[in-house]
Number of protein chains: 2
Amino acid sequence: MASIHDVAKLAGVSISTVSYALSGKRSIAEATRIRVNEAVETLGYRAHAGARMLAGDRTNIFALTAPLHSETYAPAHMAFVLSVVRAAREHDYDVLLLTQDEGAGGLRRVVTSSLVDGVIVLDVSDDDERIDLLRSLDIPATLVGVPRDTDGLVCVDMDFEAAADLSLEHLAAAGHRSVGLIGHPHAIYDRGSNFPRRFRDAFLAAGAERGMDVAFEMADRDGPSVRAALDGLAGALPGMTGLVMHSDESVQTTALGILRDRGISVPGDLSVLSACSSFSTEHFEPPLDTIPLVPDDTCFPAVALAIRQVGGKVPPHVELVPPRYIERGSIAAPVA
Amino acid sequence: MASIHDVAKLAGVSISTVSYALSGKRSIAEATRIRVNEAVETLGYRAHAGARMLAGDRTNIFALTAPLHSETYAPAHMAFVLSVVRAAREHDYDVLLLTQDEGAGGLRRVVTSSLVDGVIVLDVSDDDERIDLLRSLDIPATLVGVPRDTDGLVCVDMDFEAAADLSLEHLAAAGHRSVGLIGHPHAIYDRGSNFPRRFRDAFLAAGAERGMDVAFEMADRDGPSVRAALDGLAGALPGMTGLVMHSDESVQTTALGILRDRGISVPGDLSVLSACSSFSTEHFEPPLDTIPLVPDDTCFPAVALAIRQVGGKVPPHVELVPPRYIERGSIAAPVA
DNA sequence: CCTCGTCGTCGAAGCGCTTCGATTCGCGGC
DNA sequence: GCCGCGAATCGAAGCGCTTCGACGACGAGG
């Protein structure tokens with residue numbers, strides 16, 4: 001592997017000149033810069049990562065901790081992981097993938113050995129062992145998600161409260177007064193993963209505030225459970241004309257299938273809306289109105305915030321991404 | 001952050017002694033080793049990753065290139081990624097996640113900058129731009145998968161040929177003579193991802209060799225496509241009594257649902273076997289006999305091989321993991 | 001014409017670690 | 001009693017890079 005030494009020799013300059021020519025941290029004559037770049041090109045030179053870390057006090061690597069629990073919906077999880085990696089690459093950062101197996105230990109390890117410049121935390125739960133560690137480590141970090149206690153933390157997340165309200169706003173505007181919510185599997189609420197809880201709480205609160213009748217049911221990924229959830233809602237809301245689904249793809253597909261089997265047409269008999277889904281509802285039968293949960297919307301800002309923290313202090317705060325609404329015709333006026 | 005210097009001072013020895021005490025590369029008096037370890041403990045010392053890379057010529061990081069295509073089945077993909085990370089951690093290695101966006105460029109970047117000691121390649125296709133690059137880079141690498149041309153490569157994979165034959169062996173033993181195969185979506189075969197092709201080819205060849213009637217259909221992830229595949233098989237094999245499914249979870253679930261709807265009982269009317277599935281078929285209705293595709297079975301050997309390559313040369317070769325068969329009662333004798 | 005500021009460049013000092021001799025000490029063998 | 005040897009330890013030389021202070025050249029201002 002060619003070293004900066006070889007480049008300097010070939011370009012006929014000193015190694016410090018090469019370094020400055022490449023980093024741009026001092027002014028360099030145009031002619032010199034060109035010669036250096038040519039030398040780099042012909043030698044295929046790339047700075048040695050270890051040397052750069054040692055001398056430069058910067059690794060250009062972020063750690064990504066993204067626990068995968070048994071109830072985690074893998075496609076969504078994967079989408080967030082990839083979004084973080086792509087965002088990092090836009091800033092010339094690489095991503096080291098940590099798993100749950102080591103627990104918070106892995107985080108401590110990579111941070112204290114100066115392997116990473118910062119940490120991106122996915123799938124935050126309310127009392128997460130990673131959070132206290134992060135606070136004590138005092139290292140650039142951004143959480144994608146909002147834990148109960150955000151003290152001293154930098155967080156980015158979808159504004160689930162606004163999303164819940166937005167979903168009811170659209171249904172109310174169409175004339176609906178009685179709306180059910182199908183949520184994620186029990187286990188996800190139990191584990192303290194917080195966004196489903198936030199959506200649910202905001203949904204129920206917004207419904208009350210708007211004077212609407214609302215109810216909530218959780219659904220696992222099997223047919224009987226989804227059927228039970230739908231029945232539960234129908235029982236709680238005899239006059240239900242609207243349905244919001246805040247759950248993963250398979251549950252929503254299953255639910256639509258059940259409605260079809262029962263001869264309930266969408267939106268003729270029931271208006272349906274998919275809220276905060278990280279997949280496309282375009283190919284559903286029928287396509288659903290949706291408030292999309294796009295990984296890039298939160299992961300790119302999260303990485304950008306981590307970068308800014310590396311460059312200097314960023315005051316702890318929470319950034320909420322406002323929800324968007326996409327119409328696909330699955331909401332109509334309720335039939336009397 | 002405490003440095004090796006601080007440890008040396010606290011333990012009252014030189015830094016080289018600390019280094020040797022920790023690495024064990026030279027003999028150290030027991031008493032000294034203990035003092036060093038105590039100092040490490042009280043200071044919370046961890047070697048600076050960059051310094052270690054620079055001086056030690058080893059990064060203890062592997063790059064993982066795991067392209068995610070639109071047709072890729074995310075849960076399986078994720079399972080393989082995590083398996084690699086866990087395997088790496090067992091050897092004190094970390095994993096840098098590369099994505100498709102940079103193409104082979106990302107690979108070149110991390111290798112030429114000496115950021116990683118080696119590469120693990122997932123989801124190999126027959127003509128993969130990463131492969132030529134790897135060959136020219138001359139760096140420790142293990143492919144999980146077997147490309148058409150394995151010259152100069154170290155590969156590990158499930159023995160799909162043996163798995164295909166094993167599935168027919170069990171069906172034949174139960175008395176079946178006419179067996180259909182449902183495979184992955186078209187796009188996966190088109191793209192050159194090679195294990196589905198290998199399974200299919202081996203299945204058809206083994207069927208011919210055993211003098212059985214066999215047929216093959218691909219199925220996308222939607223109901224109509226699965227239905228069409230089943231109909232296609234029924235058309236090609238009027239006397240079909242056995243069905244092998246080599247496809248992802250949703251297709252298999254859908255297929256079982258269709259069979260149920262049509263009043264075809266398993267294994268009463270049709271014997272069904274799930275082959276090379278990376279998910280559990282235990283909770284299926286009914287549970288299916290399976291030849292499981294366990295990520296750890298290939299990823300752990302793959303990482304181990306990469307480690308051995310870092311330590312010295314390992315001759316290029318292909319390691320095939322023999323298939324196992326798990327009975328769950330979904331295969332019975334065919335009714336006349 | 002001399003001085004001063006600017007621009008472009010260079011040499012050298014680390015960054016924290018690994019590793020290669022070299023050194024010291026204690027012990028057994030002759 | 002001396003030599004030789006192995007065990008334990010140390011000092012120093014890098015590894016390849018960044019960055020700081022210094023220096024020469026050159027143009028502008030007095």
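So you know, we letter chains A, B, ... as the sequences are listed, proteins then strands, and number each from 1.
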- Message: Expressed as a whole number of angstroms, how long is the span from B/Asp6:CG to C/dC15:C1'?
- Response: 14 Å
- Atom CG of A/Leu54 and atom C1' of D/dC15: how far apart are they, to the nearest Å? 9 Å
- Mind calculating the distance between CZ (B/Arg46) and P (C/dC15) to the nearest angstrom? 22 Å
- Can you tell me if NE2 on B/His91 sees more than 12 non-hydrogen neighbours from other groups inside 6.0 Å? yes
- Are side-chain N/O atoms of B/Thr65 and B/Arg130 paired as donor and acceptor at under 3.5 Å? yes
- Message: Atom CZ of residue position A/Arg52 - does it have more than 12 heavy atoms of other residues, nucleotides or ligands inside 6.0 Å?
- Response: no
- Message: Do A/Ile307 and A/Tyr93 make a side-chain contact, defined as non-hydrogen atoms from C-beta onward lying under 4.5 Å apart?
- Response: yes
- Message: Rounded to whole Å, how long is the line connecting atom CG of B/Asn60 with atom P of C/dT18?
- Response: 11 Å
- Query: How close or far is atom C1' of C/dT19 from atom CD1 of B/Ile4, stated in whole angstroms?
  - Reply: 11 Å
- Whole-Å distance, A/Leu22 CG to D/dT18 C1', equals 12 Å
- Item | Presence of salt bridge, B/Arg135 and B/Asp151, under 4.0 angstrom | no
- Task: Have a look at A/Ser19 and say if it touches a base, only the backbone sugar-phosphate, or nothing, with a 4.0 Å heavy-atom cut-off.
- Result: base
- Nucleic acid footprint by protein, nucleotides 4-14 of chain D - heavy-atom cut-off 4.0 Å, B for base, S for sugar-phosphate alone: ---SSBBB--B
- Query: In whole angstrom, what separates A/His48's NE2 from C/dC17's C1'?
  - Reply: 12 Å
- Message: Quick check against the 3.5 Å criterion: does A/Arg35 have a side-chain atom that pairs as donor or acceptor with the backbone of A/Ala11?
- Response: yes
- Item | Separation of atom CG in A/Asp57 from atom P in D/dT19, rounded to whole Å | 9 Å
- Would you please confirm or rule out a distance under 4.0 Å between OP1 or OP2 of D/dT19 and any side-chain N or O of A/Lys25? yes
